Number of protein chains: 2
Amino acid sequence: MADRPLRADARRNRERVLEAARELFAASGLAVPLDDIAARAGVGPGTVYRHFPTKEALFEAVTVARLRDLVEFARGCAADDDPAAAFDRFLDRLTEEAAAKRNLPEAFTAVGMEGLVPVQEELYAALAVLVGRAQEVGAVRPEIRVPDLLVLLKAMLQAAGESPDPTVLDRIALVLRDGLRPPTDPGSIL
Amino acid sequence: MADRPLRADARRNRERVLEAARELFAASGLAVPLDDIAARAGVGPGTVYRHFPTKEALFEAVTVARLRDLVEFARGCAADDDPAAAFDRFLDRLTEEAAAKRNLPEAFTAVGMEGLVPVQEELYAALAVLVGRAQEVGAVRPEIRVPDLLVLLKAMLQAAGESPDPTVLDRIALVLRDGLRPPTDPGSIL
DNA sequence: GGCTAACCGGGGCGCGTGTTCCGTATATTC
DNA sequence: GAATATACGGAACACGCGCCCCGGTTAGCC
């Protein structure tokens, strides 16, 4: 209970494990063997378990951080003056991150990971604001709900991760963006 | 080599295994344990292996059939008079099938399954015609290529399959459809 | 109805992978 | 610099699952 400060080498190893986990989870998702993470960190498997009670816990630790960043960004966008531009900025950010981060899509809807739920809910709430405001100014079709968006975004991230050709992502993002806009309603172009 | 006709009980069991595999693969994809399939078919695991040399072979057998149907449908669409409507019909069919068929998306891009390749190529070719014709009449944005479409559809079906709410799929299909259309080009509405 | 060959069932092997354990090494403290 | 708690490493364990094998059974044929 009395959190004694970690020994110096312990803290260093903890950081190394997190770093290795970040990279490998991003590359191959949850499928990567834990031993590989340990090896990449220059550490034995036992050491990983000293710091994280389970493989899932490690995944959580890595993923919560990434999701938290995303939530923060979404909140920043929500505070933007121009709701349409704000929504666009968020999509931009997501397509950037999509490059080769397979753990993000898994994190969106992963179930059964206790620690992920709060951040998922925060993301949901932030997106609700972002989408709602964009819909008010007619930048996003009104029937769209946050879960729809999450599914779509997840699909995009997944698709991007699987395709070897990076330009695929550009075209997919294009389709998504145009599809989210309301069907041309005369006079909607500010 | 001389394909002696299968014994009656053997043929019956083979059919049962295929049936069980269809259902379970559709529900949970390749992840379902082979023993479950055997149990569902009322058969021992050994019997499954008598008919299919490997679990992947069973998956192939089930999936090739489904893909072949899809290819046939796509070809039918390609022969349609109205290319725009034909493309739409294909999308409709796909969203219908998406309801709870997790093996379909996996089949689109599954690699390392020898038997799947020919059908995948056929699907690719059929889609190329379908998309090409739709593009000629301005129903689909010109920069889209078949791989884009495959990746996008796959990810979407997958993501939608995970969502408990079936209406999500409807809205996603809507977004997809509008997103694939070229950005309103005055005069494109026949 | 009996004979033969084909087929069935499920127990068991091997492997990959998450997890634990303990003897050894090292940081910290006095 | 010695004492002690803390952390390390990797071998060993547990387990799920794909896959094989053999004793028993059943279908097909005379």
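Chain identifiers are assigned alphabetically (A, B, ...) following the order of the sequence lines, protein sequences preceding nucleic acid strands; residue numbering begins at 1 within each chain. Everything quoted here is computed from the prediction, not taken from an experiment.
Side chains of B/Glu162 and A/Lys154 form a contact here, defined as non-hydrogen atoms less than 4.5 Å apart. Side-chain contact between A/Lys55 and A/Leu30: present, with at least one pair of heavy atoms (C-beta onward) separated by less than 4.5 Å. You'll find the side chain of B/Leu34 reaches within 4.5 Å of the side chain of B/Tyr49, heavy atoms only.
Taking a 6.0 Å sphere around CD of B/Glu72, one finds it holds 12 or fewer heavy atoms contributed by other residues, nucleotides or ligands. Other residues, nucleotides and ligands place more than 12 heavy atoms under 6.0 Å from the CZ atom of A/Arg93.
Between the side chains of A/Asp165 and A/Thr167, at least one donor N or O sits under 3.5 Å from an acceptor N or O.
Checking each of A/Val175, A/Leu169, A/Val168 against A/Arg171 for a side chain to side chain contact (heavy atoms under 4.5 Å, CB included) leaves exactly one that passes, namely A/Val168.
Residue A/Tyr49 places none of its side-chain N or O atoms closer than 4.0 Å to OP1 or OP2 of C/dT20.
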Query raised in the report: Could you run down nucleotides 25-30 of chain C 5' to 3' and tag each one B, S or - for protein heavy-atom contact under 4.0 Å?
Result: -BSS--

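Judged by distance alone, with hydrogens and angles left aside, the side-chain atoms of B/Thr95 form a donor-acceptor pair with the main-chain N or O of B/Asp92 at under 3.5 Å. Put simply, the side chain of B/Glu122 never gets that close to the backbone of B/Val117: no donor and acceptor are under 3.5 Å apart.
Partners of A/Asp69 by salt bridge (Lys or Arg N to Asp or Glu O under 4.0 Å), not counting sequence neighbours: none found.
The CG-C1' distance, from B/Asn13 to C/dG10, rounds to 14 Å in whole Å. In this entry the distance linking CG of A/Asp36 with P of C/dT17 reads 8 Å, nearest Å. Protein atom CG of A/Leu24 is 13 Å distant from nucleotide atom P of C/dT17, rounded to whole Å.
Along DNA chain C, the nucleotide nearest to A/Pro33 and the one nearest to B/Thr47 differ in position, and the one closer to the 5' end is contacted by B/Thr47. Of the two residues near DNA chain D, B/Leu30 and A/Gly42, the one whose nearest nucleotide lies more 5' is A/Gly42.
The stretch residues 50-64 of chain A comes close to DNA chain D through A/Arg50, A/His51, each having a heavy atom under 4.0 Å from the strand.
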Would you be so kind as to tabulate the donor-acceptor pairs closer than 3.5 Å made by side chains of residues 58-68 of chain A, with sequence neighbours excluded?
from, atom 1, to, atom 2, distance (Å)
A/Glu60, OE1, A/Gly115, N, 3.3
A/Glu60, OE2, A/Gly115, N, 3.4
A/Thr63, OG1, A/Phe59, O, 2.7
A/Arg66, NH1, A/Glu97, OE1, 3.2

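Inter-axis angle, ends of the helix from C/dG1-D/dC30 to C/dC30-D/dG1, five pairs per end, rounded to 10 degrees: 10°.
A/Asp178 and A/Arg181 are joined by a salt bridge, as a carboxylate oxygen and a charged side-chain nitrogen come within less than 4.0 angstrom of each other. Checked for salt-bridge contact, B/Glu19 and B/Arg22 meet the test: a charged N lies under 4.0 Å from a carboxylate O.
Using a 4.0 Å cutoff to heavy atoms of chain B, the contacted part of DNA chain D runs 5' to 3' from D/dC17 to D/dG28.
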